Structure formats: structure tokens, C-alpha cells
Amino acid sequence: MADWKNSVNLPRTDFPMKANLQVAEPAAIARWESMDLYGQIARARAGRPKYVLHDGPPYANGQIHIGHAMNKILKDFVVKSKSMAGFDAPYVPGWDCHGLPIELQVDKELGSKKRDMSLADIRRACRAYAERHVAEQCADFKRLAVFGDWEHPYLTMRYEFQAAIVRALGRCVEDGLVYKGKKPVYWCISDRTALAEAEVEYANHSSPSIYVEFKLDPRDAAALAARVPALGGRDVSVLIWTTTPWTIPSNLAIAFQPGFDYAAYDADGRLVIVAEALADATFAKVGRVPGEPAARMQGAVFDRIRFVHPLYGRESLGVLADYVTLEQGTGAVHTAPGHGADDFNTGQRYGLETYAPIGPSGEFLDSVELFGGLKVWDANPKVVEALRERGALWFSEKHEHQYPHCWRCHKPLIFLATPQWFIEMDHDGYREKALEAVTRVEWLPPWGEERLHNMLANRPDWCISRQRAWGVPIPAVTCTTCRESMLTTALTTRAADVFAQHGADAWYERPIGEFLPDGLSCAHCGGTSFERERDILDVWFDSGTSHEAVLAVRPDLQWPADMYLEGSDQYRGWFQSSLLVALGTRGDAPYRSVITHGFVVDEDGRKMSKSRGNNVVPQQVIEQSGAEVLRLWVAMVDYTEEVRLGKQILARTVEAYRKIRNTVRYLAANMYDFDPSTDLVAHADLLEVDRYALARYADAAVKMRAAYDRFDFQTIFHELNRLAVVDLSAFYFDVSKDRLYTFGAASQARRSAQTAMYLMADGLARLLAPILPVTADELWRVLPGTREPSVHMTLFAEGVEAWQDDALVSRYATRLEIRDLVNAKLEEQRQAKVIGTSLEAAITVAGTGRFADVLNGLGPDEVAAFCIVSEATVAAPAADQPADSLVVTVRRAAGEKCQRCWRYVAGIAAAATVEGLCDRCVDALGLGSDAA
């Protein structure tokens, strides 16, 4: 008997079953670079409407981590999908190159050599360090198949960018937003610099908690007695609570809530004042019960009443403040204007000195009695002991609480009043303008608007100066006569011009005269001799100026950006600093929309860390599985929340990728002899099952396009996965194999299936391209027909809505139910060893209701093909068959097995014109009766 295997139209394709992404991805990226794919796309989209996603600059320090990878992949989804939607969507990557982490790393690398280097030399070493890490991170991002203008990224340390930063500062100066003042700021005594709120992280900290008595100043005993007669002639003190004993030497006041009820309680013959609501808890600390108050009063009576500092005998003024609460403590708040924002503001209202006798490394000045030369943390126990010796310590214990730490060195911070440059939030409606601008931005998730609004509504003035070396200098000068600082628009303009030509290092190397405008004189004393200041700008001001240095300058971009897309921590950082700079330079937000993604945690929801061993390293995932797997994972998750990742999740992602790849590979493999220019069948002439498959594909494609428009990548994955696994692999491919393999190669029925598969493969290649760019391009290149060199140069397919057919899909829902019921019966007979494959079966189906409606419209051969059996009979239902039901009977098929299509057909041996073949296969091969 002849072997007919070679006569079957079996699938074949150059699209490999095994992805081998570790090899395929670098090869694809190299090919794209050699053909200047990004440039070709840009030229092809020129003149179309722009869509600009502005890249938030990662920090040029160390290898990229999984958060970087997710962020860049999400941005690439947006840019690629907008490009394929017909927009001119350029992507200019950037890096944040200044700042403390780089400076500290360079310090380590230089070691003792640093002592012999000038500040400019140290800055050049920082620049070289940043350049090295920019190159490393750039290679990692490109390996993720992220498209962008990698040859021309923006770097905050480039001369023109540094100049733009200073020009933006000049605009803020011109608007009157910038001032220099001595105010408490977050201060890192380890790094010896001020920090912005965005650079502060909160961690658990153990602090000494102390209750301290401040005695009433005898000079005000009569004044207080006049307000509260019951206090007359008694020894009176007020009890305060603090967790920062080191700030007691700087105490200048005690704050009371004017509307609270306070009471005086007897304690060993003296009257101690606390908030009445906190008396029980306070006295319990020392094992006492407060008893009945000797006097009651409201906090307002203590306004400007003087108390005595327990260590130095100077006065501590009674002040009123709304921020005093009853949550903990005594209701009377120790106030040191040099060591807290509320304390400072209260001190300003009452005319108190901003007293902060602490140096930049955290040591008390030598002038501070008892504690001169001690670091603040070392002073804590000394302060407690000094208070105890003077009888002022009521109680002390350890207190566990969340405390601000430096996000760089992770050491606890202090509040310290130092001379700094600030942007004034409440100057000329600046804060209100920021709050209004937030309402004009589209936020995803929507809670982002409220979050940024609340941050802006409550934030203090922005401290923009830092006491470090590696950054953009604030081009301020100090009058050598009166020591007043000056910062004018003329100074910023001159500095920007010099920086544009020579870089910001010039501030430390070139003569000061190059930076001084002609005729400059001190606004305070008229002096004409100046020296340059050494503070640099907050790096958040640097990156917050990127819209000015990049969007407003490059001709391929536009201001404002259509989108900023970053992690949720950037509400404190880049989202906020960019908005504040833009309001100072252009009066509006620099972005039309903002998308926020969550952080990556491990599979148990825990924070990733090297010490725990639960961190996922993107470079390792790429090496083991490929970047496409990472990209698919990003599309599978709800990126707006915390995102989990680990070995099991990666394994599931690899499996999901394999199913998608197998699906598109099967589509491609059935088109090896299909030419769309000659073989494409008109939609109206397609077989119904092919029109159904196209309708299901069109439903998915329309939803995927809409999901791309709203940046809902998880829905895209779900639609793709359902189409691939349920509609195509589990059904359509199954019922189409017989037609594709055994019908005549050029038969209408086979060309009908190939047409549907071609249209789906072409469309899926486009829809997959933003998420799986290598796989999609690989598919694109094996599809038949004349096409662009890369799928990324094309657009999403148009007109797929015409293939949607709700009525057909509805009819097929019952057909699929019939198929499922038949398959269940076939499985029963397979388990009973009556049949092996489904082609060994013959079925009889009898339906009522909707099942009858469907079966009456089908011939037996259609039912057999639909259920993949050799024979089908549609019978009339029995009289007692329930309404709307289907009865299926399975028996072993009669006849002989066709050696080509494997169906069982009666009479092959007796009537076949070709030995072992059924008549259908004979016709498919075009064999006559004499061929035997």
C-alpha cells in the first residue's frame, strides 16, 4: 500500500517552535540597529500628530533593577502602541547624573587622592563615573528591546542641560519665588547636607522618650494667678514630652492648644499642669493617680506666660499653636524654633530666635553649655542625666516610632535650621496655581490627583540648596562687605551662558568676573566686591527642569509632554518638582497625563532585597528566559498596584509565552503556499466557520486596540490569551486541520481557512508588536506577501470591525456547546476502550429547542467535521426528550480507515479508485480511475 504522507498539506514554516530568545533577541536588536529602525519609524511618522512620553531620568548609578525594567517596558508599550496607532511618537531617554550617591561612590574610589584634588577635579571624576553607568544602563535598556533615540539621550550633566537648569532658576528668581533664609530643614549629619522631602524615608527607630518639668517663671506668677486665681501662691510647673532630648538645649517656648482643657494637679506639694484628657496616662507613667485638679483652665491662658528652662535658667515662652494634639504626650509641646517646621513657624509668630547651635556634622557648638562638642545622638543620654540631676526629669523610657531617615545612607535625620535657598510656596498664589494645574491633568490611577493635591497643599517651602560638590551650582554671590547673599536674574543669565560653553565646572575654575553682570552692586550696602557661594541645586530641581532642557528644545518633541509615567514614589519627587519648575517657567503643568505604577515585590508580597535573597535580577531573567518573558509579565499584571514576581510567576509567564508563540506559529505554518495577492478569498465567500474565527479575532482585536488607548495592558494579555488558547488552539485549529491538510491545496475550502489565518496572523503580529517586539517581528518576516521590513514600521490593522458578527457568534455558542457535549461522550467511550481517536467514532445527535434549531441548519458532514468524527447522524428527538436538550450516542465507526485523511469510510476496499484512499482524498489529489 502506498505511503500518502507526503501528499498531505502539513504545516511548515521558518518560524521556529523553540523561541531561543537568548539568541534571537540580540540578533533582532542588532538588525534593528543596522537598519536604523528607530530613525526609519521617525521618518515614516513625520508630519503625523505627535504623542510625546517624556522619560523620567533614572539615576546613573549601578545596574538597573527589576523596577527600572518594568518602568522602561511600560514606557515602551506606550510609545510603540502610539506609533502603531499612527502617531509620531518619539522617545528620548534620559539620565539623572548629579547628586550625592555618585559623589559618595567617587569619594570611595578616590580614597586619599581626593585630598590633593581640586573641587573641579572631583567633579570631573563624578562625571566620568556617571558616564560609565549611563553606558551600562543604556545597554541594559536596549537589551529589553526598548526603542528610543539612544544615540542622543538627555543627561542632566551635559553643558546645555546645566545651562537650562540655571535659566529655569532665573525665571523663578524673576518671579520672586526664590529667597534665602534660615529655616529648619531635614539634615543628614552623615552626608552633611540638607535633604528634600522626596529624599526622606521613614523607618522604625528607638528614641528616648522623656517627660520634663518647666517651672513657672516667678516674674509671671502674678500674671498667671490673675488669669487662674487658684494657682496663686503655689509652686507651678508645666510638663512637656519629647522623643528628642538633644533638642532641649535649644528650647525657647512651650506650645499650648488654646481651646484644650488643662488642669493643675498636686505632685509632692507643687502643681503640675497637663492637658486634662492626658492626665491619667501621664501620671500612670510614674505610678500615680492624678486626683482631683487643684485648678482648671484653657490653654489660651498661657499665652506669653514665661516658664524657666530646666537646664539654663533662661525663659521659655508660653505660646499658642493649633498643631498641639491629645494623641500622646502631655498636651504641652516643647518648642525649639531651630529644629522643627511647626516650631519655626510658631517662633516666627512670636518673634523668637531661630536658635540651632549645631554644626553640619551634628555636633553642638562649643558655646553650648554642658554639651559642647557632642554629637546629637551622643548628647541624648547626657541631656537626660542633666535633667535628672536638676530634678526636672519626670519620667523616661524607650519609644519605638517611625522616624525620618536619609534615603541614601539610611541614617536618622535631624531637623536643623541652616541658611538655605528656598522656593516660596505661597508667593503670589504659587501654591494655588499648582493645585489648579493638578486638576487639568489626567491621572491614572485617578487617585493620583488627590495624592499630589494633598502633598502640594501641605508642603513647606522647597529647599533647593545642597551643601555638596556634584551638581549644578547656585550662581549666588556674597557681598564681602556686609556678607549678604545675592541671586538675581542677571547672575543666572551670565552663569547660564558660561555653563553652556564651559559646563558648570566653570563656577569653580573660571574668574568670578565672568559671572558678574556689569555694574553689580550689593542691594544691602552698595558694595561691589563679591565672592561666589558654594551651594549646589537640589537634584530634584535638575530633573524637574528636564521639560525645559529637553521638551522645549528638541525639534522632535513638544511642550508639554502628553505623558509622564513613573513609579508611585515620584509624587514626592519628579512629578512634583517638574510641576513646580514648570509653574515658575511657563505657568502650567509640563504634562497632560500622568501614569503611576506600583513597586515590584516578591511572590509573598514582601519588599525585595539582596539580603533576603528574594530579589529578581532582570539580567538573570533575560539570560535564562529572554526579555520577551519580562515584557509579557509586565503586560500580565495590574501595574497600577504592587506587582509580584518570583520563580513561580516567571514559570507561568514562560508557559503563557509558549502558548502564544505556538498559536501564531501554527497560523504562519499553514501559509507556506498562500499568496495573499492571488489566493485571498473575499469575506462573503469564506466558509462560515472561518467567518466565525475572524469574528472572534475581531472582537479581541477591537478590545485590544481600545485597551492600548487606555494603557490597560493586562486586558490586552487576557484578550490575547483567550483568543489563542480558547478560540483558536482549542477549537478553530482543531476543526480546520482536516480541511487544511487533506483538501486540495488550492481548493476553495482550504483557501478560505488560509485567508482567515492570514488575516489573523497579520493583525496579531501588529497587535503583539508593542508587547513582544522580537516575536512579532519574527512572525512578520515569515508571513507571505509584500510587506515592510519590520512590523514596527507598520500601523495597527484597520477595518477589523467589519468582521465582527454578533449574530454568528451567538449561533456558534450553541454549536460549541454541542461540540462540548459530544466530546464528553467521546471521552467516556475512549475511557471504555470502545474508540481510540475521535475519528474512530460515529455519532448520532438528537436535539430539542435551540439545539434542534442549530442541527436543522447543518448537514451530517458538517456535524462530523465540527465534532471531528468520521460519521454523524442527525436524528429526530424521542417523544419524551426534555425540552432544550441534546442526546448524543457514540459508536465505533464502520468502514475502513482512509490511509490519507484517517477517516473511517464505508466501502473503500471495494469501490476506491486509488488503493486505500477515500473518494474525497482522490478528488483532492486529482487522481483518475486509472491511477490505481
Side-chain angles (χ1 to χ4, degrees), residues 184 205 207-217 220 236-258 260 262 272-275 278-279 281-282 285-286 299 302-350 352-358 364 368-371 376-377 379-388 390-399 401 403-404 414-417:
H205 185 67
S207 298
S209 165
I210 60 173
Y211 292 75
V212 182
E213 284 189 57
F214 281 64
K215 293 180 179 180
L216 177 65
D217 191 321
D220 278 350
V236 177
S237 64
V238 66
L239 195 65
I240 66 93
W241 171 76
T242 183
T243 58
T244 54
W246 63 267
T247 62
I248 290 290
S250 301
N251 174 278
L252 296 181
I254 300 169
F256 299 84
Q257 171 66 255
F260 282 178
Y262 290 82
V272 177
I273 297 170
V274 296
L278 294 168
T282 299
K285 293 290 185 183
V286 291
F302 298 108
D303 189 27
R304 297 193 181 275
I305 294 295
R306 290 170 290 184
F307 295 85
V308 179
H309 194 289
L311 296 178
Y312 302 126
R314 66 171 180 255
E315 70 180 48
S316 183
L317 187 66
V319 297
L320 305 182
D322 290 337
Y323 55 78
V324 179
T325 72
L326 297 175
E327 292 179 6
Q328 54 190 346
T330 68
V333 176
H334 147 62
T335 300
H339 296 300
D342 289 334
D343 305 51
F344 171 81
N345 292 330
T346 298
Q348 291 294 293
R349 289 202 314 273
Y350 281 86
L352 302 177
E353 178 188 356
T354 306
Y355 181 54
I358 293 171
F364 280 97
V368 178
E369 186 181 348
L370 303 175
F371 313 109
V376 292
W377 310 125
N380 268 336
K382 302 288 187 182
V383 172
V384 174
E385 185 57 33
L387 291 169
R388 181 180 288 111
R390 288 158 178 76
L393 184 69
W394 177 275
F395 182 74
S396 68
E397 64 182 349
K398 288 294 183 183
H399 180 66
H401 60 144
Y403 187 84
I414 65 172
F415 258 108
L416 181 64

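Because the structure is a prediction, the values reported are computed rather than measured.
Two residues are said to be in side-chain contact when any heavy atoms from C-beta on lie closer than 4.5 Å; His401 and Ser207 meet this criterion. You'll find the side chain of Val319 stays beyond 4.5 Å of the side chain of Leu252, heavy atoms only. Inter-residue side-chain proximity for Arg314 and Arg306 is flagged as unmet; no heavy-atom pair is nearer than 4.5 Å. A 4.5 Å side-chain heavy-atom check between Trp246 and Val384 finds every atom pair outside the cut-off.
The two residues Leu239 and Thr282 come nearest to each other via the heavy atoms CD2-CG2, 3.4 Å. Taking all atoms of both residues into account, the shortest heavy-atom contact from Gly318 to Tyr350 is O-CE2, 4.4 Å. What you find for Asn380 and Thr244 is that their closest heavy atoms are OD1-C, 4.2 Å.
Ion pairing between a basic and an acidic side chain is recognised when a charged N comes within 4.0 Å of a carboxylate O; Arg388 and Glu385 show such pairing.
To the nearest 0.5 angstrom, Ile305 atom CD1 is 9.0 Å from Leu317 atom CG.
For Gln257 (side chain) and Asp322 (main-chain N/O), a donor-acceptor pair under 3.5 Å exists by modelled atom type. Checked by atom type and distance alone, the side chain of Arg349 pairs as donor or acceptor with a backbone atom of Leu320 at under 3.5 Å. Under a 3.5 Å cut-off, the side chain of His334 and the backbone N or O of Ala253 do not form any donor-acceptor pair.
Under the salt bridge (Lys or Arg N to Asp or Glu O under 4.0 Å) criterion, Glu327 pairs with no residue, sequence neighbours left out.
Applying the salt bridge (charged side-chain N to carboxylate O under 4.0 Å, His left out) definition to pairs two or more places apart or across chains, those involving residues 207-216 are Glu213-Arg270.
When each of Phe307, Tyr355, Tyr312, Phe214 is tested with Asn251 by the rule side chain to side chain contact (heavy atoms under 4.5 Å, CB included), just one qualifies, namely Phe214.
At a cut-off of 3.5 Å, with distance as the only test, no side-chain donor of Thr242 or Tyr211 sits close to an acceptor on the other residue.
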What side-chain donor-acceptor pairs closer than 3.5 Å can you find for residues 336-343, not counting sequence neighbours?
| from | atom 1 | to | atom 2 | distance (Å) |
| --- | --- | --- | --- | --- |
| His339 | ND1 | Phe415 | O | 2.8 |
| His339 | NE2 | Ser250 | OG | 3.2 |
| Asp343 | OD2 | Ala336 | N | 2.8 |

